[in-house]
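Each chain gets a letter, A, B and so on, in the order the sequences are listed, and its residues count up from 1. No hydrogens, no waters, no symmetry mates; every other heavy atom, side chains included, goes into these values.
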Number of protein chains: 2
Amino acid sequence: MGDAAARFAEIVGRTHLLAGDQVSEDYAHDESLTTEPRKPAFVAKPATAEEVAALLVAAGEHGVPVTARGAGSGMSGAARPREDGLLISFERMNSVLEIDTGNQVAVVQPGVSLAELDERAAEAGLSYPVYPGELSASVGGTVGTNAGGMRAVKYGVTRHNVLGLQAVLPTGEIIRTGGRTSKISTGYDLTQLIIGSEGTLALATEVVVKLAPRLAHSATLLAPFGDLDQVMRAVPRILEAGLAPHILEYIDNLTMAAITYNEKLSLGIPDEVRDATQAYLVVGLENREADRLDGDVERAGELLGELGASDVYVLEGGSARKLIEAREKAFWTAKAAGADEIIDVVVPRTEMPGFLAEVRELATAAEAGAVGCGHAGDGNLHLGIFCKDQEKRYRLLHDVFAAAIARGGAISGEHGIGHAKKRHYLELEDPAKVALLRRLKQAFDPQGILNPGVLFD
Amino acid sequence: MGDAAARFAEIVGRTHLLAGDQVSEDYAHDESLTTEPRKPAFVAKPATAEEVAALLVAAGEHGVPVTARGAGSGMSGAARPREDGLLISFERMNSVLEIDTGNQVAVVQPGVSLAELDERAAEAGLSYPVYPGELSASVGGTVGTNAGGMRAVKYGVTRHNVLGLQAVLPTGEIIRTGGRTSKISTGYDLTQLIIGSEGTLALATEVVVKLAPRLAHSATLLAPFGDLDQVMRAVPRILEAGLAPHILEYIDNLTMAAITYNEKLSLGIPDEVRDATQAYLVVGLENREADRLDGDVERAGELLGELGASDVYVLEGGSARKLIEAREKAFWTAKAAGADEIIDVVVPRTEMPGFLAEVRELATAAEAGAVGCGHAGDGNLHLGIFCKDQEKRYRLLHDVFAAAIARGGAISGEHGIGHAKKRHYLELEDPAKVALLRRLKQAFDPQGILNPGVLFD
Ligand SMILES: Cc1cc2nc3c(=O)[nH]c(=O)nc-3n(C[C@H](O)[C@H](O)[C@H](O)COP(=O)(O)OP(=O)(O)OC[C@H]3O[C@@H](n4cnc5c(N)ncnc54)[C@H](O)[C@@H]3O)c2cc1C
Ligand SMILES: Cc1cc2nc3c(=O)[nH]c(=O)nc-3n(C[C@H](O)[C@H](O)[C@H](O)COP(=O)(O)OP(=O)(O)OC[C@H]3O[C@@H](n4cnc5c(N)ncnc54)[C@H](O)[C@@H]3O)c2cc1C
């Protein structure tokens, strides 16, 4: 161990290696509610891809498991290090290297936060549209989890917005994948394979992302519905209409009550409407031109009425922003309310009504609560699970995940498997696929030093 | 061999196995100009995934190499079988299984042609936007090559439009990857890894594709420029303007002359304009609403003028369609004109002017010709190479590909590597990446029975 520490310190410089008591609590966990925190033996803060490569080689030689960490805002425990391990924190690799307006891409180091990337893109009239609730998240972390967020309904998830990587293989080789073009048919797509692999295959040391034109005009519609089922049925209809919303979220009445209360947010909805509401749809529209946006808002309003909304509120700038921010904080609200787990299961969007009915039944039978909100346009449901008994909760989650899979969905839409959902994943996934994934892991990481315990045992 | 034939016939039925003289010339090649045709020992036409799996198991046991074939319209020789091999033709697995309007997806068998898929989607007011020039191409083949085409500038390539697969592994296991949702973070993304792997990793037996709303109104603008360089410089500017063209093609004057002559197409361009033109931009715009389209056409016209177009023609329905069709046939035109190779190199779009200048110099030095057209919006250039001497042509292509890679591009944007460009690929690609790709290949196909000789030796 002493030997390893000396090697790591030599590579990154003494001041950028923490060991023992120098390692703060913060590095012991991400935001998963159920993954036990563990302080790593070492935290290294490299400044270059070469340092990352040298760290991996040294870790391999000393048999030290390695976990990558961006901002630690992940929800699956995948950035939770091992006690005997090295945590590579990308906090010093945090430069926006280039905003390339001609190709509409940015080249960034992995430690850059989404907030900073979007700010820098905005200066050029562009935007990075991947927008998970937590804008402190690092670009490298979003590559790790294949993060989604609210705008995925229009712009896709991380996978659809990352064009290329510089990545370090566990064997210490530094490779480049993809590039500044969205079209490449030259060998297997390593970019896509690394995205969403939760730090188990390779570490991204540079990321090329697509930027989208920043549209000047946007509006937010809030539509209360008497019935959750109606909300779910409305979703495909809104997408079929071709209005291309960039936000299409649902919020159930309990969650809306909690987030508006917590954020002291008044939306101007009369009490009698609120009391008769089971769930809300939030529809975000945007356009290059103001009059086109107005036309779309009108059309969306009519459509929501036809689909059963009891009313439609077009929120003004300030309150629209506040509602979206409050929605983004739904996780903290659920956590504060005592949620025992938060999941982000995904089903085809037409399956949402049936699936949510099934979840309600399962929760009732387990004497548990399941409330939430979600990226309805993507069939991605964020549910706070209230169930103290660990074994009961495990069974309930198993049944909920199995129900989603039976409907053509998956355990996680955007948070990943990590440690938190690994047992469920290994129980529910096709063994032939798990075996193939293990062989792929072996092809990247023959010594098994990258994030062992995540995804697989 | 006799044994193998009996096993294959047992699996697919005697009438669906061809051997020896029953195998027609057609199965010996795709549309690659430089890949030697080879008649396979067997052609099997399975009807189900289970039959495909049984064929792969039997082929493995008998040591028979297997090549998949869709429509054989590929340009890299990747569907060219081995003489001792089994060609699995998906021609009987050609059903559109479902058009799911609620989730805006289609579920199809791999042998379905793009033309049929788009026709079926149109009945539901939707479209499958992957549109390579050859609409007889099969969906399975486009998965194999990660096909692109004209509309990729707005809709992305096959990779961005395939959500899920049923696939048969070389070991005979049938797996399902992805689903009807565009968000999944549950294990490594096998869908994306199989797409573009040119039939070397797994065979797709069912494909779930995204469908897009079919927009009612479209227009095509044709802009002649005095200077190819100007055309190339105009491309990023048009994309920055946020008009979201669904077509952004360039056609050089020689290619335009040839395709309009071949297709007897009159575009109403006065002789003096034509004579002063070095290249054309074709800009396709579309919208849900007619007046919005009109606004965009006007804006695009102004912009093209500012960018140096000597004129702008808004083509009417019939001649617009004919021009696009003629452009799609540019390959046949180049072939008929005696092109010795056709490549589809890709560079970041801002690199196009410099790259094309470099290509001209290289071609001149090699006493060769290099003319063409291309998906300019994606930096994807289709160049007909006229150079009879094989060794000279090899050196020229090597230099052209190396120049593209030096500018952050790649050997192929959408056609793939196959047999045709394998030697270049293996010479020019980072050895660490090739080694990793080989290990991935091994993880899927330990016996090496799927399309040996494609991508790797
Ligand atoms: C309030 C709140 C709201 C959220 N809302 C959303 C949401 O709407 N959508 C959504 O998708 N997520 C959401 N998240 C989850 C979280 O923001 C995302 O998972 C994000 O991608 C994590 O980024 P990070 O930098 O914090 O990564 P970390 O948690 O540090 O790491 C995540 C994973 O990436 C790996 N990793 C880190 N850096 C690298 C690298 N350079 N190369 C390779 N792997 C790396 C880690 O090992 C780990 O496996 C939310 C979180 C919170 C707290
Ligand atoms: C005139 C013309 C214009 C063209 N224009 C374009 C263009 O603009 N853009 C573009 O991208 N391409 C273009 N192409 C090339 C061609 O159409 C595409 O490469 C297409 O994807 C090939 O489809 P196919 O069914 O003919 O595949 P094939 O040639 O039969 O096979 C292609 C590859 O896919 C594999 N394969 C076939 N079926 C499966 C399956 N079920 N599972 C896994 N692998 C499979 C094969 O083994 C092979 O490796 C053009 C071709 C022509 C002739």
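Heavy-atom distances place both the backbone and the side chain of A:Glu240 under 4.5 Å from chain B. Contacts of B:Leu169 with chain A are made by side-chain atoms alone, with heavy-atom separations under 4.5 Å and no backbone atom involved. Using a 4.5 Å cut-off between heavy atoms, A:Ala241 contacts chain B through its backbone alone, with no side-chain atom that close. Residue B:Leu190 touches chain A through its side chain alone, counting heavy-atom pairs closer than 4.5 Å. B:Tyr188 touches chain A through backbone and side chain together, each having a heavy atom under 4.5 Å away. Heavy atoms of A:Thr181 lying under 4.5 Å from chain B belong exclusively to its side chain. Of the two parts of A:Arg159, only the side chain, counted from C-beta on, holds a non-hydrogen atom closer than 4.5 Å to a non-hydrogen atom of chain B. Contact of B:Phe456 with chain A is made through the side chain alone, with heavy-atom distances under 4.5 Å. Neither the backbone nor the side chain of A:Leu426 comes within contact range of chain B, judged by heavy atoms closer than 4.5 Å. Contacts of B:Asn287 with chain A are made by side-chain atoms alone, with heavy-atom separations under 4.5 Å and no backbone atom involved. In this structure, chain A has heavy atoms under 4.5 Å from both the backbone and the side chain of B:Thr350. For A:Leu436, the part sitting under 4.5 Å from any heavy atom of chain B is the side chain, from C-beta outward, and nothing else. Only the side chain of A:Leu455 comes within contact range of chain B, with at least one heavy atom under 4.5 Å from a heavy atom of that chain. When heavy atoms are compared at a cutoff of 4.5 Å, B:Asp378 approaches chain A by way of both its backbone and its side chain. Both the backbone and the side chain of B:Lys441 come within contact range of chain A, each with at least one heavy atom under 4.5 Å from a heavy atom of that chain. Proximity to chain A is limited to the side chain of B:Arg288, based on heavy atoms less than 4.5 angstrom apart. Of the two parts of B:Leu440, the backbone and the side chain both hold a non-hydrogen atom closer than 4.5 Å to a non-hydrogen atom of chain A. A:Asn146 touches chain B through backbone and side chain together, each having a heavy atom under 4.5 Å away. There is no contact between B:Leu428 and chain A, counting heavy-atom distances below 4.5 Å. Of the atoms belonging to B:Val347, it is backbone heavy atoms, and not side-chain ones, that fall under 4.5 Å from chain A.
Within the 4.5 Å cutoff, no side-chain heavy atoms of A:Glu414 are placed close to those of A:Thr145. Considering only heavy atoms from C-beta on, A:Gln166 stays 4.5 Å or farther from A:Ile175 through its side chain. You'll find the side chain of A:Phe355 reaches within 4.5 Å of the side chain of A:Val345, heavy atoms only. Using a 4.5 Å cut-off on side-chain heavy atoms (C-beta onward), A:Arg180 and A:Asp100 make contact.
The two residues A:Val153 and A:Gly377 come nearest to each other via the heavy atoms CG2-CA, 3.8 Å. When all heavy atoms of A:Leu211 and A:Ala121 are compared, the pair lying nearest together is CD2-CB, 4.0 Å. Contact between B:Ala152 and B:Val157 at its shortest, heavy atoms only, is CB-CG1, 3.8 Å. In terms of heavy-atom proximity, B:Ala124 sits nearest to B:Ile99 at CB-CG2, 4.0 Å. Nearest heavy-atom pair across A:Ala404 and A:Ala410 is CB-O, 4.3 Å. Taking every heavy atom of both residues into account, B:Gly102 and A:Pro236 meet most closely at O-CB, 3.4 Å.
Among B:Glu429, B:His375, B:His415, B:Gln442, the residue making the largest number of heavy-atom pairs under 4.5 Å with chain A is B:His375. When the candidates A:Pro348, A:Gly156, A:Gly413 are compared by the number of heavy-atom contacts under 4.5 Å with chain B, A:Gly413 comes out ahead. Ranked by heavy-atom pairs shorter than 4.5 Å toward chain B, the options A:Lys433, A:Arg438, A:Glu173 are led by A:Lys433. Considering only heavy-atom pairs separated by less than 4.5 Å from chain A, the leading option among B:Leu239, B:Thr101, B:Ile184, B:Val434 is B:Ile184. Per-residue heavy-atom pair counts under 4.5 Å with chain B were compared for A:Ala435, A:Ala147, A:Gly409, A:Gly187, and the maximum is reached by A:Gly187. Listed options A:Pro213, A:Gly179, A:Gly416 were ranked by heavy-atom pairs under 4.5 angstrom with chain B; first place goes to A:Gly416. Between chain B and the options A:Leu201, A:Leu193, A:Val346, the largest number of non-hydrogen pairs under 4.5 Å is found for A:Leu201.
The side chain to side chain contact (heavy atoms under 4.5 Å, CB included) test with B:Ser182 is passed by exactly one of B:Asn103, B:Leu163, B:Asn161, B:Val105: B:Leu163. A side-chain hydrogen bond (donor to acceptor under 3.5 Å, both in side chains) with A:Glu286 holds for exactly one of A:Lys154, A:Arg214, A:Arg292, A:His217; it is A:Lys154.
Under the 3.5 Å distance criterion, the side-chain polar atoms of B:Asn451 are matched with a main-chain donor or acceptor of B:Ala78. Distance alone, capped at 3.5 Å, is enough to place a donor-acceptor pair between the B:Asp445 side chain and the B:Leu450 backbone.
In A:Glu298, the CD atom is not crowded: 12 or fewer heavy atoms of neighbouring residues, nucleotides or ligands sit closer than 6.0 Å.
Remark: B:Arg176 CZ to A:Ile405 CD1 distance equals 14.0 Å, nearest 0.5 Å.
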